[in-house]
Every structure is written in C-alpha cells, then in structure tokens.
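Since we're looking at a predicted model, the values are computed, not measured.
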Amino acid sequence: MLSEPRSGRLAAWGNALLAGFVSPDDAVLAIVGEDAVHRVEGLPGEAGPVGLTLALGRLRTLGVAGLRVALPAPGHPLGLSGPPDFNARALDAEEAVVCHGAALGLVPEVYEAGPAGDVHVEVVWHCLPVREAPPADVPSLGEAERELAEALREATEVLSRLDVAGSGPVAEAAVDAYRARAERGREVLAPGYPPRSVRVLELAQRVGLLISVAYDNGHGGAVSASEMAARAEALRPVERTARRAQVAAYNAFVEERERGAR
C-alpha cells in the first residue's frame with residue numbers, strides 16, 4: 001500500500017490519454033516511472049509484445065474508452081469480474097487493469113535484473129479476455145471517503161491499544177516522510193480526475209502507510225503469537241477499506257464519464 005500500484009499509474013494516465021488530456025509520450029513516461037521498460041503481450045492483432053505507446057493506441061481502436069483498477073487479495077476479488085483464469089492471474093499479481101468498452105484486462109508481470117543498487121525493472125502486461133460485468137465490491141467515492149475517515153480512527157486506536165511500534169513516533173516520522181515525497185512529486189493522479197478522487201486516494205495511502213508501518217517495524221507490545229494474530233485480525237478490515245478506496249479513486253474517471261454520458 002505504500003507505493004503506487006503500477007495498475008494505478010496505467011489506469012490513471014491511460015485514462016488521461018484516452019480523454020485527450022495528455023500526449024502519448026507524457027502518458028507513457030508517467031506509467032513507466034522508475035521502471036526500465038513496459039511492454040504489452042497478447043493484444044488482439046499483435047503477434048508479440050509491443051511498447052506502451054502502440055498498445056494504448058491499439059486499445060483505443062479496439063473500443064476501449066476507459067481503464068479501471070483491480071486490487072484483489074485472497075478472499076476479496078476487489079475490482080474483478082471474471083473469468084476465473086483472469087482473476088487467478090490478477091490475484092497472483094495483487095493488481096490488474098480492466099478495460100471499459102472492450103472485454104479485455106491487463107495483468108503485470110515484473111522482472112528484475114542487475115546487482116543490488118543497480119536493479120533494472122521490466123514489466124510485461126499480459127492482455128487477457130475478461131467478463132463484461134460490474135466490478136466486485138467497488139464503493140462510490142462518497143462511500144469510500146466516509147469509510148476511510150472511520151478506518152483511520154480505527155487504525156490509530158488499534159495500534160495504540162496493541163502497543164504496536166507503528167502507533168507512536170515511528171509512524172509519525174514515516175507519515176511525515178511520505179508527505180514530503182508526495183509534495184515533491186505532487187501529481188497524485190493524472191489530469192482530468194475529479195478533486196475528490198485525489199483526496200480519497202491520498203487518505204487511502206495514509207491509512208495504508210500506517211498499516212505498513214505497523215507490520216514493518218517490529219511487534220511492539222504484541223509479543224505472543226496470540227497477540228500478533230489479534231493485531232493482524234484487527235487491522236485486516238482497515239486494510240481492506242483502504243484498498244477499496246484506492247480502487248474507487250482510480251476508477252472515478254470512468255465512473256464520472258459514464259454518468260455524464262447518461
């Protein structure tokens with residue numbers, strides 16, 4: 001939850017490109033980010049892997065009008081609509097992009113090469129058929145915002161009650177560092193997204209950050225196996241809420257355009 005999912009970048013900047021808010025070069029630059037290269041494999045009409053610029057253009061000609069994000073976890077097929085083969089690959093990757101306007105989806109596979117400190121990351125997006133149906137368990141932006149406000153309170157209370165390292169100065173320092181990074185690279189979402197979606201995504205990332213700090217910075221006072229299990233159980237619904245809100249924020253672009261077309 002700390003880092004922006006690659007599916008989020010692809011959906012956000014792909015949507016901005018499809019709507020004419022950014023150029024192909026700017027969209028691809030933002031999607032690739034710090035990775036070395038992204039390719040798309042399995043596109044209808046293409047014999048082998050192609051670059052992102054060609055892939056996004058091909059998707060447009062295939063009728064794709066928007067891109068949605070899925071962030072599934074075991075027992076929670078968030079944003080998915082099937083079929084089982086696609087859902088399984090998305091669950092393994094913990095993310096996917098589902099096309100609106102064509103029954104296609106994209107699942108990333110990440111390859112790393114090189115020595116420590118000089119690792120090059122290549123991403124292959126596998127294009128697969130999907131079922132055209134409403135995505136699973138995605139809230140509206142309004143619902144997500146209300147749920148997140150409560151989840152943030154719950155996360156803070158749970159960490160404090162269980163005496164987890166992430167409930168004190170460690171968490172505060174991590175949140176401050178996150179905010180500083182966010183300010184430096186300010187574009188949380190791509191051009192064309194409604195302001196509320198930016199607000200919801202920022203809050204979801206903050207909640208996710210607190211959860212990550214809790215898991216990554218020792219066990220705090222939860223010294224027994226039962227106490228550690230209790231902490232995980234208490235944080236699980238909070239993490240679920242944060243993922244749902246992330247998906248709602250990324251998908252807001254398509255949802256708003258759909259409402260405007262009615």
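No donor-acceptor pair under 3.5 Å is formed between the side chain of Asp118 and the backbone N or O of Gly114. Of the possible donor and acceptor atoms, one in the side chain of Asn87 sits under 3.5 Å from a partner among the backbone N and O of Gly82. For the pair Asn15 (side chain) and Leu67 (backbone), a donor-acceptor distance under 3.5 Å is present. A side-chain donor-acceptor contact under 3.5 Å links Asn251 to the backbone of Val69. No donor-acceptor pair under 3.5 Å is formed between the side chain of Glu145 and the backbone N or O of Val200. A donor-acceptor distance shorter than 3.5 angstrom exists from the side chain of Thr241 to the backbone of Pro237, with no hydrogens or angles considered.
Glu143 and Arg244 are not joined by a salt bridge, as no carboxylate oxygen comes within less than 4.0 angstrom of a charged side-chain nitrogen. Here Glu239 pairs with Arg243 in a salt bridge; the nearest charged N to carboxylate O distance falls below 4.0 Å. A salt bridge is absent between Arg199 and Glu202; no separation between the charged side-chain nitrogens and carboxylate oxygens falls under 4.0 Å. Salt-bridge check for Asp85 with Arg131: failed, with every basic side-chain N at 4.0 Å or more from each acidic carboxylate O.
Side-chain atoms of Pro135 and Pro77, non-hydrogen and from C-beta on, never get closer than 4.5 Å to each other. Residues His38 and Leu10 fail the side-chain proximity criterion, which asks for heavy atoms closer than 4.5 Å. Inter-residue side-chain proximity for Pro72 and Glu94 is flagged as unmet; no heavy-atom pair is nearer than 4.5 Å. The side-chain heavy atoms of Pro5 and Gln246, taken from C-beta on, include a pair separated by under 4.5 Å. No side-chain heavy atom of Pro49 sits less than 4.5 Å from a side-chain heavy atom of Trp125. Put simply, the side chain of Phe21 does not reach to within 4.5 Å of the side chain of Tyr193, judged on heavy atoms. A 4.5 Å side-chain heavy-atom check between Arg39 and Leu52 finds every atom pair outside the cut-off.
In this structure, Arg6 CZ and Ile31 CD1 are separated by 12.5 Å, a value rounded to the nearest 0.5 Å. Atoms CD and NE2, on Glu255 and His100 in that order, are 8.0 Å from each other to the nearest 0.5 Å. For the atom pair CG (Leu106) and CZ (Phe86), the distance works out to 7.0 Å, reported to the nearest 0.5 Å. Atom-to-atom distance recorded for Arg9:CZ and Leu29:CG is 10.5 Å, nearest 0.5 angstrom. Annotation: the span from Leu71 atom CG to Leu91 atom CG amounts to 11.5 Å, rounded to 0.5 Å. Here the straight-line distance linking atom CG of Leu148 with atom CD of Gln205 works out to 11.0 Å at 0.5 Å rounding.
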request  = Verify side chain to side chain contact (heavy atoms under 4.5 Å, CB included) between Leu59 and Leu43, making sure each step is shown before the conclusion.
outcome  = CA-CA 8 Å; Leu59 289 174; Leu43 268 175; 3.6 Å; yes

message = Evaluate Val110 against Val121 for side chain to side chain contact (heavy atoms under 4.5 Å, CB included), listing each step before the verdict.
response = CA-CA 7 Å; Val110 179; Val121 177; 3.6 Å; yes

message = Run His120 and Glu112 through side chain to side chain contact (heavy atoms under 4.5 Å, CB included) and show every step you take.
response = CA-CA 6 Å; His120 297 277; Glu112 295 183 351; over 6 Å; no

key: Residues Val37, Val123; criterion side chain to side chain contact (heavy atoms under 4.5 Å, CB included); working and verdict   = CA-CA 6 Å; Val37 65; Val123 179; over 6 Å; no

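Smallest separation of non-hydrogen atoms from Ala27 and Val22: CB-CG2, 4.0 Å. Across all non-hydrogen atoms, the minimal contact from Ala242 to Ala204 is O-CB, 3.6 Å. Scanning both residues, Ala103 and Glu132, for their nearest heavy atoms gives CB-CG, 3.7 Å. The two residues Ala248 and Ser140 make their nearest non-hydrogen contact at CB-O, 4.3 Å. Taking every heavy atom of both residues into account, Ser7 and Ala96 meet most closely at CB-O, 3.5 Å. Summarising the geometry of Ala65 relative to Leu18, their closest heavy-atom pair is C-CD1, 4.0 Å, with the distance given to 0.1 Å.
Leu104 and Val50 fall within a single hydrophobic cluster, where Ile, Leu, Val, Met, Phe, Trp and Tyr are joined by side-chain heavy atoms under 4.5 Å apart, directly or via other members. Val98 and Tyr250 fall into different hydrophobic clusters, where Ile, Leu, Val, Met, Phe, Trp and Tyr are joined by side-chain heavy atoms under 4.5 Å apart, directly or via other members. In this structure, Val124 is not a member of the same hydrophobic cluster as Val119, with clusters built from ILVMFWY side-chain heavy atoms closer than 4.5 Å. The hydrophobic cluster containing Val97 does not contain Leu128, counting ILVMFWY residues as joined when their side-chain heavy atoms lie under 4.5 angstrom apart, directly or transitively. One hydrophobic cluster holds both Leu56 and Leu62 under the rule that ILVMFWY side chains link at heavy-atom gaps under 4.5 Å.
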